[in-house]
Visitor: 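Before I ask anything, let me first share the structure, which is written out below as structure tokens.
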There are 2 protein chains.
Amino acid sequence: MSNKKGNLTLKDLAKIVGVSPATASLALADDPRVSAKTKEMVEEAARRLNYVPNEIGRSLRAKRAETIALIFPNTPHNAFSHPYFVELLEGVTEVLVQKGFHLLVSTAPTEQNEQAAYDKIMRNRRADGIILWPASINDSNISRIVESGFPVVYLGKWHHNDVITVERDDYGGAYLATEHLLQAGRRRIAHITGPMEFQVSIDRLDGYRKALEDYKVLYDPSLVVTADYTMESGVAAVHELIGRGIPFDGLFSSNDRMAIGAMKALGAAGISIPDEVAIVGCDNIEMASMTVPALTTIHQSLRTIGTVAATKIIDLLSGQEVGDKQTIIPAELIVRESSRVN
Amino acid sequence: MSNKKGNLTLKDLAKIVGVSPATASLALADDPRVSAKTKEMVEEAARRLNYVPNEIGRSLRAKRAETIALIFPNTPHNAFSHPYFVELLEGVTEVLVQKGFHLLVSTAPTEQNEQAAYDKIMRNRRADGIILWPASINDSNISRIVESGFPVVYLGKWHHNDVITVERDDYGGAYLATEHLLQAGRRRIAHITGPMEFQVSIDRLDGYRKALEDYKVLYDPSLVVTADYTMESGVAAVHELIGRGIPFDGLFSSNDRMAIGAMKALGAAGISIPDEVAIVGCDNIEMASMTVPALTTIHQSLRTIGTVAATKIIDLLSGQEVGDKQTIIPAELIVRESSRVN
DNA sequence: CTTCGCATTTAAATCGATTTAATTAACACA
DNA sequence: TGTGTTAATTAAATCGATTTAAATGCGAAG
């Protein structure tokens with residue numbers, strides 16, 4: 001615990017053992033040129049004195065920081081994705097810790113600061129690679145990073161397939177959800193979608209349509225209503241649907257919050273769930289298991305995305321084979337009461 | 001964007017301008033010894049060539065990493081606190097970014113790895129200071145860090161008051177919640193508490209008791225039931241209370257999940273909320289605003305805790321006055337339908 | 001024409017670890 | 001005893017920026 005003035009340095013350690021710093025360094029690296037006896041002496045002293053190498057010095061020499069930066073733009077736009085962030089973080093750290101890497105978390109408070117902040121991270125050598133958590137499509141700052149050639153793993157879809165990406169399967173999840181309703185015998189399935197600025201909205205709408213098509217159910221635009229991913233907008237969406245006077249016996253919502261709003265509105269209208277309308281949401285937020293009836297939903301393992309992304313960026317840095325450049329983590333259907341066939 | 005082989009170094013910059021590295025360094029640091037003309041030349045070139053200093057080199061020389069580590073033990077125990085972690089992260093990064101600091105997020109996958117992981121962070125000079133997010137009381141690893149003398153801000157209560165701490169006011173929040181019920185005229189107020197291993201359970205129970213005392217209401221142990229912070233345990237707790245046959249007109253739960261479970265159980269038992277039993281939870285989880293009726297609760301600003309903690313650790317490092325060593329962030333009552341006086 | 005003082009500039013050391021190239025030691029063999 | 005070979009060790013350079021101490025240039029004063 002000698003935290004008096006400075007830490008024990010390699011030079012100190014070498015002097016104590018009675019060898020040169022070069023020998024001490026080689027000994028700790030288990031270099032074959034160092035004799036077994038010397039190695040043992042150095043290792044013993046290092047253990048005894050609790051020698052911990054100064055990684056700043058090491059990084060300077062090695063030109064590597066053994067650090068990955070996880071960047072997420074801190075804009076209001078991506079606020080709705082926060083609940084999953086911790087899960088992602090867990091997956092990423094799990095791998096990094098195991099590989100001896102550090103994690104630098106970076107976020108820019110304002111849009112105008114973003115560019116400078118990202119630029120700095122790429123050029124100041126604090127991190128060797130970046131995992132990018134995108135806010136939305138069309139983000140010029142993200143384009144700059146991805147196209148700069150700096151080692152990057154992008155969490156989402158990117159328009160050049162030489163970029164390494166790891167993404168959720170929003171399309172496949174929506175397909176699963178819709179198929180589940182179809183298999184339960186529902187044929188008039190409504191869909192609450194989100195704003196089309198978000199790729200997720202587009203993908204889930206597409207998955208919904210594809211399932212209908214595969215089951216030979218005609219796509220009816222009047223069964224689709226747009227909302228904004230809040231619970232309140234889910235309530236409004238159901239009012240809109242009911243107002244249109246078109247009957248429906250199933251409902252797939254582009255997220256759980258809107259699905260919960262929809263359940264409230266249906267309940268208030270005296271429509272029973274799942275008997276009259278079966279409901280499936282998306283995201284598997286904690287609340288989904290606690291509603292009455294509990295909400296059937298689509299789960300995406302952000303944890304898996306984190307572990308895969310971290311593994312890929314490290315493989316990329318160490319020159320190993322990265323495998324598939326594009327990875328899609330499959331979605332999973334979680335069946336609960338809101339769609340249970342009685 | 002010259003990312004060809006290596007980055008532009010200070011030496012390169014100096015050569016281009018036609019001065020020595022020393023002059024270039026002093027010029028960029030705006031040292032009075034450098035002439036205005038030279039300064040202008042160096043600055044112009046730095047801007048034009050997009051020179052970004054290598055922070056590893058700078059750190060080595062300065063013996064400072066300009067980095068704060070945020071450490072949270074990744075044990076199952078603290079899983080229930082996850083939803084707030086992102087909020088804390090936001091608060092911390094807001095301050096760090098503004099002060100030009102970096103954030104290293106560290107977590108240890110297993111208990112046995114913890115000690116080594118923390119030791120490393122303290123000794124390898126990757127971070128200058130630590131913000132500690134504790135899992136539970138009685139954690140020997142945390143003790144080691146706090147007592148090592150390494151600059152630390154501890155997020156919670158610590159038994160030596162020379163340690164800098166920032167904490168939520170669990171006691172005050174519970175007092176607020178109970179007082180709110182008392183002011184609504186309730187006198188038989190039940191309490192669902194959590195396991196006594198957690199300081200939060202103890203503090204909230206104490207706040208509840210103090211409010212009762214101040215309002216001259218006798219504390220009745222048979223109105224208190226222990227659960228484990230899950231929704232299911234909240235359901236069970238109400239069954240237990242009803243089973244005891246002791247009437248109650250108010251209920252304060254040590255967290256929102258149990259409160260929501262309690263609401264479910266009361267609803268199932270045909271007891272109306274808030275007319276027959278008014279309910280207050282704790283934590284203001286997202287779900288609390290979405291239940292029917294919406295849940296009155298206590299909000300603790302983790303964001304504020306983050307900003308205060310970050311400010312204090314930086315002040316501590318820069319040798320500035322840190323102010324109060326112990327800071328308690330006040331809790332806030334959020335009144336919703338579950339306790340609304342009709 | 002020196003010499004002193006002041007304003008600028010720069011050479012060199014430093015931070016801590018790694019690695020290359022050079023040196024020393026040790027031993028076998030002629 | 002001298003020489004060649006291998007094994008083990010170490011001196012020195014390096015990474016990039018900062019900072020101290022030394023050097024330089026220039027004009028003014030004697």
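In what follows, chains are A, B, ... by sequence order, proteins preceding strands, each numbered from 1.
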Visitor: Expressed as a whole number of angstroms, how long is the span from Asn54(A):CG to dT14(C):P?
Guide: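 Taking CG of Asn54(A) and P of dT14(C), I get 17 Å after rounding.
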Visitor: Rounded to the nearest Å, what distance is computed from the CG atom of residue Asp31(B) to the P atom of nucleotide dT18(D)?
Guide: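 Computing the Asp31(B):CG to dT18(D):P distance gives 12 Å.
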Visitor: Mind checking Ser25(A) for me? I need base, sugar-phosphate or nothing, with any heavy atom below 4.0 Å counting as a touch.
Guide: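 Base, at least one base atom sits under 4.0 Å.
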Visitor: If only side-chain N and O atoms of Lys63(A) are considered, is one of them under 4.0 Å from the OP1 or OP2 phosphate oxygen of dG16(D)?
Guide: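 Yes, within the criterion.
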Visitor: Ignoring hydrogens and angles, answer whether the base of dT8(C) and the side-chain atoms of Arg33(B) contain a donor-acceptor pair closer than 3.5 Å.
Guide: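 Under the 3.5 Å cut-off, the side chain and the base do not form any donor-acceptor pair.
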Visitor: So if I apply the side chain to side chain donor-acceptor pair (under 3.5 Å) rule between Glu167(B) and each of Gln300(B), Lys157(B), Gln326(B), Gln199(B), which one comes out positive?
Guide: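 Of all the options given, the one that passes is Lys157(B).
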Visitor: Taking Asp162(A) first and then Lys325(A), would you say they form a salt bridge - that is, a charged N and a carboxylate O separated by under 4.0 Å?
Guide: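 No, no charged N to carboxylate O under 4.0 Å.
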Visitor: Picking from dT14(D), dC15(C), dT9(D), which would you name as closest to the side chain of Ser35(A)?
Guide: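 It is dT9(D).
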Visitor: Which heavy-atom pair separates Leu10(A) from Ala24(A) by the least distance, and what is that distance?
Guide: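 Heavy-atom minimum between the residues: CD1-CB, 3.8 Å.
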Visitor: Please pick, from dG16(D), dA11(D), dT10(C), the nucleotide with the shortest atom-to-atom distance to any side-chain atom of Ala22(A).
Guide: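 Minimum distance to the Ala22(A) side chain belongs to dA11(D).
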Visitor: Remember a base hit wins even if backbone is also touched, and classify Arg58(A) as base, sugar-phosphate or nothing at under 4.0 Å, heavy atoms.
Guide: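 Sugar-phosphate only.
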Visitor: For the pair Ser59(A) (side chain) and Arg64(A) (backbone), establish whether a donor and an acceptor sit closer than 3.5 Å, ignoring hydrogens and angles.
Guide: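 Confirmed, Ser59(A) side chain pairs with Arg64(A) backbone.
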Visitor: Just call it for Ser59(B): base, sugar-phosphate, or nothing, with non-hydrogen atoms closer than 4.0 Å on any strand.
Guide: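 Answer is nothing: Ser59(B) stays at 4.0 Å or more from every strand.
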Visitor: By nearest atom, which of the nucleotides dT9(D), dT10(C), dG16(D) is closest to the Thr23(A) side chain?
Guide: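 Selected nucleotide (nearest to the side chain): dT9(D).
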Visitor: Which of the following nucleotides, dA17(D), dT10(C), dT9(D), is nearest to the side chain of Ser20(B)?
Guide: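 Among dA17(D), dT10(C), dT9(D), the one nearest the side chain of Ser20(B) is dT10(C).
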Visitor: Identify which nucleotide among dT10(C), dT19(C), dT18(D) has an atom closest to any side-chain atom of Leu26(B), counting heavy atoms from C-beta outward.
Guide: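 Nearest to the side-chain atoms of Leu26(B), counting from C-beta on, is dT10(C).
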